[in-house]
Protein chains: 2
Amino acid sequence: MTEPSRPMRRQDIRRENEKAILLAAEKVFAEAGFGGATMQLIADLAGLPKANLHYYFATKEELYRSVVQNIFEIWLQAANCFDAARGPVDGISAYIDAKMEISRRHPDGSKVWASEVMHGAPVLQDYMESTLREWTDGRVEIIRRWIEEGKMDPVDPRHLLYMLWATTQHYADFGHQIETLNGGKSLSDRQWREAKENIKRVILTGIGAQPA
Amino acid sequence: MTEPSRPMRRQDIRRENEKAILLAAEKVFAEAGFGGATMQLIADLAGLPKANLHYYFATKEELYRSVVQNIFEIWLQAANCFDAARGPVDGISAYIDAKMEISRRHPDGSKVWASEVMHGAPVLQDYMESTLREWTDGRVEIIRRWIEEGKMDPVDPRHLLYMLWATTQHYADFGHQIETLNGGKSLSDRQWREAKENIKRVILTGIGAQPA
DNA sequence: TTGCATCCTGACCGTATGGTCAGCTTTCAG
DNA sequence: CTGAAAGCTGACCATACGGTCAGGATGCAA
């Protein structure tokens with residue numbers, strides 16, 4: 001527990017409340033979907049009266065948009081791992097690690113993102129057509145170069161990327177299924193490590209890039 | 001167009017209406033999620049008055065349950081491909097083909113299924129703990145045997161299964177993203193074929209099973 | 001201390017939604 | 001032909017939800 005709240009500064013109040021609301025919203029949106037989520041539920045989870053939510057976020061749509069943009073930022077950051085790399089082994093390994101870490105640390109955000117895309121990306125369409133497309137095209141180019149340089153087999157770069165996204169994202173979106181099949185327990189540290197190792201090994205071997 | 005409906009038999013009426021409702025429901029649930037879907041929307045899409053829906057399905061929950069169970073049946077059928085096979089190349093190839101065909105032919109159902117699991121499988125929990133678990137355990141055993149017989153590398157069977165599920169399911173659940181990155185056009189026959197080939201090749205090579 | 005901007009909230013409102021029902025039409029067994 | 005069962009539906013209801021607002025509390029600059 002923290003100190004019984006010092007008289008807070010205005011700035012802090014705003015920051016903390018927004019944070020609390022966004023965190024609660026992320027969880028509720030993830031669990032119930034946009035349509036199933038209620039401002040009341042989010043308010044309760046954030047420990048604030050409902051009317052206060054509307055003070056910080058005018059509408060449910062606006063709140064949702066903020067949540068989605070937040071997770072998109074995180075997603076983009078992980079994407080950088082790809083660039084620094086000199087070859088497929090480094091690059092793809094790092095990317096898998098990063099995305100698996102997101103699935104583990106931000107399962108709610110990942111679910112919201114998945115839900116958004118599944119429902120036709122009403123909020124993120126613009127980002128997908130600009131930022132995401134550019135990022136993807138860039139990475140496709142990198143992979144193509146790796147292939148030319150003989151560092152990996154000639155695999156279609158796009159389908160390879162989809163495979164990376166799918167496999168890593170799955171551990172967040174279908175986490176409940178995985179838990180159920182794991183005897184109702186969430187994956188242990190060891191199991192997460194094994195998951196990463198397996199994925200990296202199968203994919204790197206699969207594309208003909210020698211794992212270390 | 002079919003013949004301007006002959007005076008229908010009772011049985012036929014029931015069957016046709018249920019079918020129309022389930023089809024419409026699948027689409028609406030997929031597009032809007034359970035919470036965002038409305039009986040009115042489903043009714044409109046099915047071309048029936050709303051009250052008629054409640055004549056066939058007492059509640060929204062019951063209708064949803066039917067939709068989810070339907071897709072689970074399809075999912076289980078595809079699962080059979082695994083059994084007939086003599087080795088990983090046959091088995092996994094067939095399974096990937098079957099699951100990709102589901103993603104292509106039943107994208108709405110796939111999305112509903114994904115949504116259901118993402119939200120904690122409120123309806124399917126029982127199935128997951130019984131049918132799905134048994135199927136999975138059986139398949140894990142088969143893969144283990146393949147490994148023992150030297151037909152493939154020692155890969156963790158569970159994580160391999162997750163990878164198969166994730167990769168194939170992705171083409172339905174994230175179809176919108178894929179379309180957007182494909183210039184706004186849905187994948188062509190050729191692209192679907194390439195997708196399948198890439199996935200099969202990477203995974204089969206990745207687990208050390210010789211592709212044909 | 002004062003005045004003002006920010007922060008907060010209980011009570012309220014219009015609407016949309018899931019669901020009901022009384023009474024109609026259609027089918028079909030006997 | 002007849003009557004009962006199945007199929008159908010417009011009108012209605014209670015509730016829950018997103019959103020508003022008037023007015024109170026609080027921090028803070030001057």
Side-chain angles (χ1 to χ4, degrees), chain A residues 3-68 112 119 122-123, chain B residues 3-68 112 119 122-123:
Chain A
E3 277 289 290
S5 54
R6 309 261 101 237
M8 283 211 236
R9 317 266 235 77
R10 283 247 171 90
Q11 230 184 352
D12 299 336
I13 290 176
R14 180 151 218 119
R15 207 154 23 85
E16 293 219 358
N17 279 346
E18 277 180 358
K19 202 170 127 192
I21 293 170
L22 284 170
L23 202 71
E26 186 175 276
K27 187 166 184 189
V28 173
F29 282 133
E31 284 175 358
F34 178 80
T38 37
M39 295 301 268
Q40 189 62 64
L41 234 78
I42 297 172
D44 290 348
L45 193 61
L48 295 169
K50 191 184 69 158
N52 207 351
L53 257 65
H54 284 97
Y55 176 71
Y56 287 102
F57 299 91
T59 65
K60 192 185 176 186
E61 271 82 7
E62 192 185 312
L63 176 54
Y64 175 74
R65 181 183 295 266
S66 296
V67 171
V68 169
V112 175
H119 299 138
V123 161
Chain B
E3 277 288 291
S5 54
R6 309 260 103 241
M8 277 210 241
R9 311 251 250 75
R10 283 243 174 96
Q11 230 185 353
D12 298 338
I13 290 177
R14 181 151 216 118
R15 205 153 26 84
E16 291 219 1
N17 279 346
E18 277 180 359
K19 199 169 131 192
I21 294 170
L22 284 170
L23 202 72
E26 184 175 275
K27 187 167 184 186
V28 173
F29 282 133
E31 282 175 2
F34 178 81
T38 39
M39 295 299 272
Q40 188 64 64
L41 235 80
I42 297 172
D44 291 349
L45 194 63
L48 296 169
K50 192 184 68 154
N52 209 351
L53 257 65
H54 284 98
Y55 176 72
Y56 288 101
F57 299 91
T59 66
K60 193 184 177 189
E61 271 82 7
E62 191 185 312
L63 176 53
Y64 175 74
R65 180 182 295 265
S66 295
V67 170
V68 168
V112 175
H119 298 135
V123 161

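Chain A is the first sequence line, chain B the second, and so forth, proteins listed ahead of strands; every chain is numbered from 1.
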Does [X] have a side-chain nitrogen or oxygen under 4.0 Å from the phosphate oxygens OP1 or OP2 of [N]?
X: Arg14(A); N: dC7(C); result: yes
X: Tyr55(B); N: dG7(D); result: yes
X: Asn17(B); N: dC8(D); result: yes
X: Tyr56(A); N: dC8(C); result: yes

- Item | Ion pair Arg14(A)/Glu18(A), N-O distance below 4.0 Å | yes
Listed nucleotide nearest any side-chain atom of [X], set [options]:
X: Lys60(B); options: dC8(C), dG19(C), dT9(C); value: dG19(C)
X: His54(B); options: dT20(C), dC8(C), dT20(D); value: dT20(C)
X: Thr38(A); options: dC17(D), dC8(C), dG18(C); value: dC17(D)
X: Ile13(B); options: dG18(C), dC21(D), dG7(D); value: dG7(D)
X: Glu61(B); options: dC8(D), dG19(C), dG19(D); value: dG19(C)
X: Thr59(A); options: dT9(D), dT9(C), dG19(D); value: dG19(D)

Do [X] and [Y] come within less than 4.5 Å of each other through their side chains, counting heavy atoms only?
X: Glu31(A); Y: Leu41(A); result: no
X: Phe57(A); Y: Leu53(A); result: no
X: Gln40(B); Y: Asp44(B); result: yes

Could you check how far [atom1] of [X] sits from [atom2] of [N], rounded to whole Å?
X: Asn52(A); N: dA25(D); atom1: CG; atom2: P; value: 16 Å
X: Phe29(B); N: dT17(C); atom1: CZ; atom2: P; value: 13 Å
X: Met39(B); N: dG18(C); atom1: CE; atom2: P; value: 7 Å
X: Gln40(A); N: dG10(C); atom1: CD; atom2: P; value: 10 Å
X: Ile21(A); N: dC8(C); atom1: CD1; atom2: P; value: 9 Å
X: Asp12(A); N: dG27(D); atom1: CG; atom2: P; value: 12 Å
X: Leu53(A); N: dC17(D); atom1: CG; atom2: P; value: 14 Å
X: Phe57(A); N: dT20(D); atom1: CZ; atom2: C1'; value: 19 Å

- Query: So, does the side chain of Lys50(A) form a donor-acceptor pair with the base of dG19(D) at under 3.5 Å?
  - Reply: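 Checked by distance alone, the answer is yes.
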- Item | Aromatic plane relationship, Phe29(B) with Tyr64(B) - under 30° parallel, 30 to 60° tilted, over 60° perpendicular | perpendicular
- Message: How close do Ser66(A) and Leu22(A) get, counting heavy atoms only, and between which atoms?
- Response: CB-CD2, 3.7 Å
- Task: Report which part of the nucleic acid Ala37(A) touches: base, sugar-phosphate, or nothing (heavy-atom distance under 4.0 Å, all strands).
- Result: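 The residue Ala37(A) makes sugar-phosphate contact but no base contact.
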- When all nucleic acid strands are considered with a 4.0 Å heavy-atom cut-off, which category describes Glu62(B): base, sugar-phosphate, or nothing? nothing
